Amino acid sequence: MAHKSDFVVVANRLPVDRIVGGDGQTSWRRSPGGLVTAVEPLMRQREGNGAWVGWAGDASDGVDEPIAPFDNDGLTLYPVPLAAQEIEEYYEGFSNTSLWPLYHDAIVPAEYHRAWWNAYVAVNQRFADAAASVAAEGAFVWVHDYQLQLVPAMLRQKRPDLRIGFFLHIPFPPTELFGQLPWRRQILEGLLGADLVGFQTPGGAANFLRLTRDRLGLKPSGAAVQVDGRTVRARSYPISIDVSSFVELASMPEVQERARQIRHDLGDPRTVLLGIDRLDYTKGIGIRLEALEELLDEDRIDASDTVMIQVATPSRERVEQYRVLRENVERTVGRINGSYGAVGNPAVNYIHRSMPRDEIVALYLAADIMVVTPFRDGMNLVAKEYIACRLDGTGSLILSEFAGAARELKNAYLVNPYDIEGVKEVFLEAIEAPRAEQRRRMRSLQRQVTKHDVAHWAQTFVDDITRIRRENREGSR
Ligand code: ADQ
């Protein structure tokens, strides 16, 4: 494909999955996930001029057998091939067994292996090379997330003409934790290749700037740090959702009917609690189930009128810690249902699969209380999606203080997921809240989410990087 793009997203995954049918035919299916949900609407507005560089989601026989770029609904997609061993070492290994736990407060211990790091470097270089060949002169290249933290510097070395932005979707850890990483210096230098490094919260940006001082001896000042005669800015850009697409779905009579049907199938209980998460140990699924179980044990709630739905989307199933988590969650669900479920009416309705967006929205409409209890989460879009869908102004959100979203959603029922008694109290408070109190909280949450949707997020990032680049050019004249 000859044409170059002036807006390039570089992310671990393409916004589609490659499916190879029994007949050997290849087709593409939209894949779920926070990043796709966030950036895709913006890319589509670019009418053919946007490009996305990412992995297609399966192993290539050999990395020198790339899939040709192709158009998908107005976006040009550039698949980056990964060999099976690279998936193990770069993706499951360094990204998801070293960086993911480390950046999420080491809820499970992070593991470090030199072979994983070497694969991370090699794959980051491949992504940087692909982006360099796709980007037009002076293009904006937006690199995403923890899998690709070396790409900004690698890309700058090849293409100093580009405006390079980086956004981290997960938390950025404090200096005491980050210091564990044997390759901490290389990661910081990789990120400093960008003109603008974006984080979900001001705390993440502050951690990063402090680390450039502690580990690289630089002199950050305010939200900026000078490196090699350039200014790199680090700020927070709390990500959000495409509010109007959720409002549209939530307004559809068939989705509303489906929500009624769901409640009916549950036996029309007084209170429906809902959790929707990737099945990940950061999300605190176990703690909310245990809180529910203790409330049932103590007779403070009754399974005949209080029912929970837990959707746990399959995730990273080849990583050992995720297999263990699945066993634990499913054992807890089984135990609760064994003790409190009735035939045809389980106390916890557990779903372990991906589902279409309209079904997710029907669940949001069916739920009186959304339960979001991560031990640590970059943002958490599910919390915002729930709020956007509650068109009638009812419904309550229980939200962990350790989700990035808690900084904005102050009128949620905020909770410390490490404190099970606190979680139980908040469950009861939300269950018993008068309608007027629910509405007061929900109105304020809706104002917040509507004002700061994903278009606003992306636009702010792009505007800032354009300004920074201009200032840098003027400064160097
Ligand atoms: P995630 O950890 O994946 O994202 P989250 O922000 O909640 O978490 O996004 C999940 C998305 O997947 C939501 O849009 C949700 O609707 C969708 N989803 C969940 N279960 C599903 C299912 N069974 N079927 C279909 N869709 C499903 C990472 C970070 C977050 C950060 C986002 C965006 O960990 O903290 O908010 O990136 O930056």
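If you're wondering where the values come from, they're calculated on a predicted model, not measured in any experiment. For ligands, and for the atoms within them, numbers begin at 1 and follow the listed sequence.
In terms of polar-atom proximity, defined here as any N/O pair under 3.5 Å, Asp377 does make such a contact with ligand 1. For ligand 1, one of its N or O atoms has an N or O atom of Met379 under 3.5 Å away. Checking only distances, Met355 does come within under 3.5 Å of ligand 1, N or O to N or O. Considering both main-chain and side-chain atoms, Gly378 comes within under 3.5 Å of ligand 1 through a nitrogen or oxygen pair. Residue-to-ligand polar distances keep His104 apart from ligand 1: every N/O pair is separated by 3.5 Å or more. Distances between N or O atoms of Ile170 and those of ligand 1 include no value under 3.5 Å.
Between Tyr322 and Tyr281, the ring planes lie tilted relative to each other; the angle falls in the 30° to 60° range. Ring-plane geometry between Trp183 and Trp117 is classed as parallel, the angle between the planes falling under 30 degrees on a 0 to 90 degree scale with a further cut at 60. Between Phe178 and Tyr103, the ring-plane angle classifies as tilted under the 30° and 60° cut-offs. Taking the six-membered ring where the residue is Trp, His169 and His144 present tilted rings, their angle falling between 30° and 60°. Between Trp142 and Phe140, the ring planes are tilted. Angles from 30° to 60° get that label.
With atom 18 (N) of ligand 1 as the reference point, the heavy atom nearest to it among Asp280, Ile360, Val311 is part of Ile360. The option from Arg278, Lys384, Glu385 that lies nearest to atom 14 (O) of ligand 1, judged by heavy atoms, is Glu385.
Of all non-hydrogen atoms in Asp358 and Val255, the two that sit nearest each other are O-CG1, 3.9 Å.
Taking the six-membered ring for Trp and the full ring otherwise, the centers of Trp55 and Tyr91 sit less than 6.0 Å from each other. Here the two rings, on Tyr146 and Trp100, have centers that are under 6.0 Å apart. No close placement of the Trp457 and Tyr237 rings is indicated, their centers lying 6.0 Å or farther apart.
Numbered from 1 in the order shown, with element, the atoms of ligand 1 that lie under 4.0 Å from a heavy atom of Thr313 read 19 (C), 20 (N), 21 (C), 22 (C), 23 (N). Counting the atoms of ligand 1 from 1 in the order shown, those under 4.0 Å from a heavy atom of Trp100 are 34 (O). Listed by atom number, the atoms of ligand 1 under 4.0 Å from Ile239 heavy atoms are 33 (C), 38 (O). The atoms of ligand 1 that sit less than 4.0 Å from any heavy atom of His169 are 29 (C), 31 (C), 33 (C), 35 (O), 37 (O), 38 (O). Distances below 4.0 Å separate heavy atoms of Val382 from the following atoms of ligand 1: 7 (O), 15 (C). Atoms of ligand 1 found under 4.0 Å from any heavy atom of Ile276, numbered from 1 in the order shown, are 19 (C), 20 (N). Atoms of ligand 1 lying under 4.0 Å from any heavy atom of Ser354, numbered from 1 in the order shown and given with element: 22 (C), 23 (N), 24 (N), 25 (C). Set against the non-hydrogen atoms of Lys283, the atoms of ligand 1 under 4.0 Å away are 1 (P), 2 (O), 8 (O).
We find that Arg235 and Asp464 are joined by a salt bridge, their nearest charged nitrogen and carboxylate oxygen being less than 4.0 Å apart.
To the nearest 0.5 Å, the span separating CZ on Arg326 from CD on Glu317 amounts to 6.0 Å.
Within the 4.0 Å heavy-atom cutoff, Arg357 does not count among the residues contacting ligand 1.
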